[in-house]
J.: 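One structure coming up, written as structure tokens, with questions to follow.
Keep in mind that the numbers below use all heavy atoms, side chains included, and drop hydrogens, waters and symmetry copies.
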Amino acid sequence: MGRLLVLLVALAAILPVAPACGQGRLSERGGVSQTVAGTTIVVEYYRPVARGRGNLFGGVVQWGENWTPGANWATTVEMDHDVRVGGLLLPKGKYGLWIIVQPDTWTVSFHRRARRFHTDRPDSTDEALRLTVRPDSGPHTEVLTFDFPEMAATHTILRLRWGTVVVPLRISAMAPPLGLIADPVVRRAYVGRYEAETLPDGLRMGLEPGRGQVDIAESGDTLVWNEVRRSGKGDRIVLSTAGEDAFTWARRDSTGQFWNEPGVIVSFTRTDGKPTGFEVEMESGAVASRATRKP
């Protein structure tokens, strides 16, 4: 019995101890995504915990240190379309996110080589974008967190929080290019005045009842929809090609970009090869209005 006890003690000293079932990483993996104006942004990262450390920045993360906001592997940000970050162009792709931390300003950089361990700090050779932001403060956040607290029609805010530090990044979607008609002969075939009538499905969608006039005119390589209703109110909309004799409405925003209005298709009809009318079809398939070309 004595020799058996000695053997068991010896084995316990040399064999590794298996982790408890509930034990996990100190910094677990996390992620968040957001779609804005047809562009999807995905953030993947590991989430360190403050664990009572009050000096996260200037202590745990040293001033001047090139730090990936997370732990283990570098935090990545991926966009499926070109965007603007803080007003600067960032082409679509997957990037490693790194930050040089200073007391008053942080330098944020996106690197083309996304897969890096957190101690493998990048240089500027694969840098796709660099910008300077000012950190803010907020309520204590125990676990490092990325989220999207603000949304607008064409932009969002990607926010980093840890401890009492808050860092916002404005990310703006970019409008898709307009569908143009380069051939002036083809383009001018649509030009003219059309008499339009709102149909019952259009009334249910809130369109103004009755008849109105729509002038289709040229503007460079595009066609412009000028509508005047009985009320005297009107719309000036660019038509962007969406197929043969089919167009989408594109409206200009405050930044000068043209955004397609979702779920609206203008389909022209032809007689003897010439456009003689159109229908405005909604996403549901309902026809909201119909127009006939005036002589």
Side-chain angles (χ1 to χ4, degrees), residues 27 29-48 55-138 141 144-152 154-175 255-257:
S27 302
R29 187 175 182 180
V32 64
S33 66
Q34 180 64 58
T35 299
V36 55
T39 294
T40 300
I41 306 159
V42 180
V43 182
E44 295 180 328
Y45 63 112
Y46 288 86
R47 308 184 65 199
N55 60 337
L56 294 176
F57 300 104
V60 177
V61 181
Q62 296 290 321
W63 299 130
E65 179 181 336
N66 196 5
W67 169 68
T68 187
N72 303 323
W73 292 95
T75 293
T76 61
V77 182
E78 184 173 11
M79 292 77 61
D80 60 357
H81 294 87
D82 296 351
V83 298
R84 292 190 181 275
V85 182
L88 303 175
L89 175 64
L90 183 64
K92 70 176 183 179
K94 187 173 186 177
Y95 299 92
L97 182 64
W98 294 81
I99 299 175
I100 298 176
V101 178
Q102 297 288 3
D104 298 322
T105 59
W106 289 19
T107 301
V108 179
S109 56
F110 293 81
H111 290 262
R112 295 181 183 88
R113 181 181 159 195
R115 179 73 170 173
R116 281 183 189 271
F117 200 62
H118 71 102
T119 56
D120 180 19
R121 293 177 174 85
D123 56 28
S124 61
T125 56
D126 73 337
E127 193 173 86
L129 177 64
R130 172 180 288 232
L131 69 155
T132 301
V133 299
R134 288 191 173 274
D136 203 347
S137 61
T141 301
L144 187 145
T145 300
F146 282 95
D147 61 6
F148 293 93
E150 297 180 27
M151 280 289 300
T154 60
H155 73 267
T156 184
I157 300 295
L158 172 60
R159 181 176 64 177
L160 163 64
R161 293 179 291 142
W162 198 28
T164 58
V165 171
V166 179
V167 180
L169 288 174
R170 180 186 172 110
I171 302 180
S172 301
M174 297 182 65
T255 68
Q257 297 187 90

J.: Quick check: do I41 and S33 have side-chain heavy atoms less than 4.5 Å from each other?
T.: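 Answer no - side chains too far apart.
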
J.: Charged N to carboxylate O below 4.0 Å: is that the case for D136 and R161?
T.: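 No, no charged N to carboxylate O under 4.0 Å.
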
J.: Enter the distance from T107:OG1 to N66:CG here, rounded to the nearest 0.5 Å.
T.: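 Answer rounded to 0.5 Å: 9.0 Å.
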
J.: Atom CE in M174, atom OG1 in T39: separation rounded to 0.5 Å?
T.: 9.5 Å

J.: Going by side chain to side chain donor-acceptor pair (under 3.5 Å), name the residues that satisfy it together with S124, two or more places apart in sequence or in a different chain.
T.: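 Checked S124 against side chain to side chain donor-acceptor pair (under 3.5 Å); zero matches.
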
J.: Say you draw a straight line from CG of L129 to CG of L89; how long is it, rounded to the nearest 0.5 Å?
T.: 8.0 Å

J.: Indicate yes or no: at least one non-hydrogen side-chain atom of V133 is less than 4.5 angstrom from one of L169.
T.: yes

J.: Checking side-chain polar atoms at under 3.5 Å, does T105 have a donor or acceptor matched by the opposite partner on T132?
T.: no

J.: Strictly distance-based, threshold 3.5 Å: is any side-chain N or O of N72 a donor or acceptor partner for the main-chain N or O of Y46?
T.: no

J.: Are the aromatic ring centres of W106 and F57 under 6.0 angstrom apart?
T.: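 W106 vs F57: aromatic centres under 6.0 Å.
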
J.: Look at R113 together with D126 and state whether they make a salt bridge at an N to O cut-off of under 4.0 Å.
T.: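 Not counted as a salt bridge, because no side-chain N and carboxylate O are separated by less than 4.0 Å.
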
J.: What residue pairs, at least two apart or across chains, pass ring pair (Phe, Tyr, Trp, His ring centres under 6.0 Å) with a residue in residues 71-97?
T.: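 For residues 71-97, and leaving out neighbouring residues, the ring pair (Phe, Tyr, Trp, His ring centres under 6.0 Å) pairs sorted by first residue read W73-F117.
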
J.: Strictly distance-based, threshold 3.5 Å: is any side-chain N or O of Q257 a donor or acceptor partner for the main-chain N or O of A175?
T.: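 Flag set: sc Q257 to bb A175 pair under 3.5 Å.
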
J.: Which heavy atom of P135 sits nearest a heavy atom of D104, and at what distance?
T.: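 Distance-wise, the nearest heavy atoms are CD-O, 3.2 Å.
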
J.: If you define the side chain from C-beta out and look only at heavy atoms, does anything of W98 sit under 4.5 Å from R116?
T.: yes

J.: Measure from the side-chain N and O atoms of T156 to the backbone N and O of E150, and report whether any donor-acceptor pair falls under 3.5 Å.
T.: yes

J.: So which heavy atom on D80 is nearest to which on T40, and how close?
T.: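 Closest approach of D80 to T40: OD1-N, 2.9 Å.
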
J.: For the pair V85 and L131, evaluate side chain to side chain contact (heavy atoms under 4.5 Å, CB included) and give the outcome as yes or no after the intermediate values.
T.: CA-CA 8 Å; V85 182; L131 69 155; 4.2 Å; yes

J.: Starting from the C-alpha separation in whole Å, work towards a yes-or-no answer on side chain to side chain contact (heavy atoms under 4.5 Å, CB included) for V165 and L56.
T.: CA-CA 9 Å; V165 171; L56 294 176; over 6 Å; no

J.: Show the numbers, then the answer: is there a salt bridge (Lys or Arg N to Asp or Glu O under 4.0 Å) between D82 and K92?
T.: CA-CA 4 Å; D82 296 351; K92 70 176 183 179; over 6 Å; no

J.: For L144, does its backbone N or O pair with a side-chain atom of R47 as donor and acceptor, under 3.5 Å?
T.: yes

J.: Can a salt bridge be assigned to the pair R121 and E65 using a cut-off of 4.0 Å between side-chain N and carboxylate O?
T.: yes

J.: Would you indicate whether the side-chain heavy atoms of L90 and M79 approach each other to under 4.5 Å?
T.: yes

J.: So, for I99 and P69, which heavy atoms are closest and what is the spacing to 0.1 Å?
T.: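 That would be CD1-CG, 4.0 Å.
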
J.: Specify the closest pair of heavy atoms between P48 and W162, including all atoms of both residues, with the distance to one decimal.
T.: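 Result for this residue pair: O-NE1, 3.5 Å.
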
J.: Please identify each residue that fulfils side chain to side chain donor-acceptor pair (under 3.5 Å) with R170, with sequence neighbours left out.
T.: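 Checked R170 against side chain to side chain donor-acceptor pair (under 3.5 Å); matches are H155.
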
J.: Report yes if the side chains of R130 and V108 come closer than 4.5 Å at any heavy-atom pair, otherwise no.
T.: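 No; the side chains remain at least 4.5 Å from each other.
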
J.: Looking only at side chains, do T125 and D123 share a donor and an acceptor under 3.5 Å apart?
T.: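 Checked: T125/D123 side chains pair up, N/O donor to acceptor below 3.5 Å.
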
J.: Can you tell me how far OG1 of T76 sits from OH of Y45, rounded to the nearest 0.5 angstrom?
T.: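 Here the interatomic distance stands at 11.5 Å.
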
J.: Roughly how far apart are S27 OG and H118 NE2, rounded to 0.5 Å?
T.: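 Interatomic distance, S27 OG to H118 NE2, rounded to 0.5 Å: 8.5 Å.
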
J.: Begin from the C-alpha positions of T164 and S137 and carry the test side-chain hydrogen bond (donor to acceptor under 3.5 Å, both in side chains) through to its verdict.
T.: CA-CA 5 Å; T164 58; S137 61; over 6 Å; no

J.: Looking at every non-hydrogen atom in both residues, tell me the closest pair between P168 and I157 and how far apart they are.
T.: CB-CG2, 3.8 Å

J.: Can a donor-acceptor pair be found, under 3.5 Å and without considering hydrogens, that links the side chain of T68 to the backbone of L97?
T.: yes

J.: Could you pull out the closest heavy-atom pair between T154 and A37, with the gap in Å?
T.: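 Where T154 meets A37 most closely, the heavy atoms are CA-CB, 4.1 Å.
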
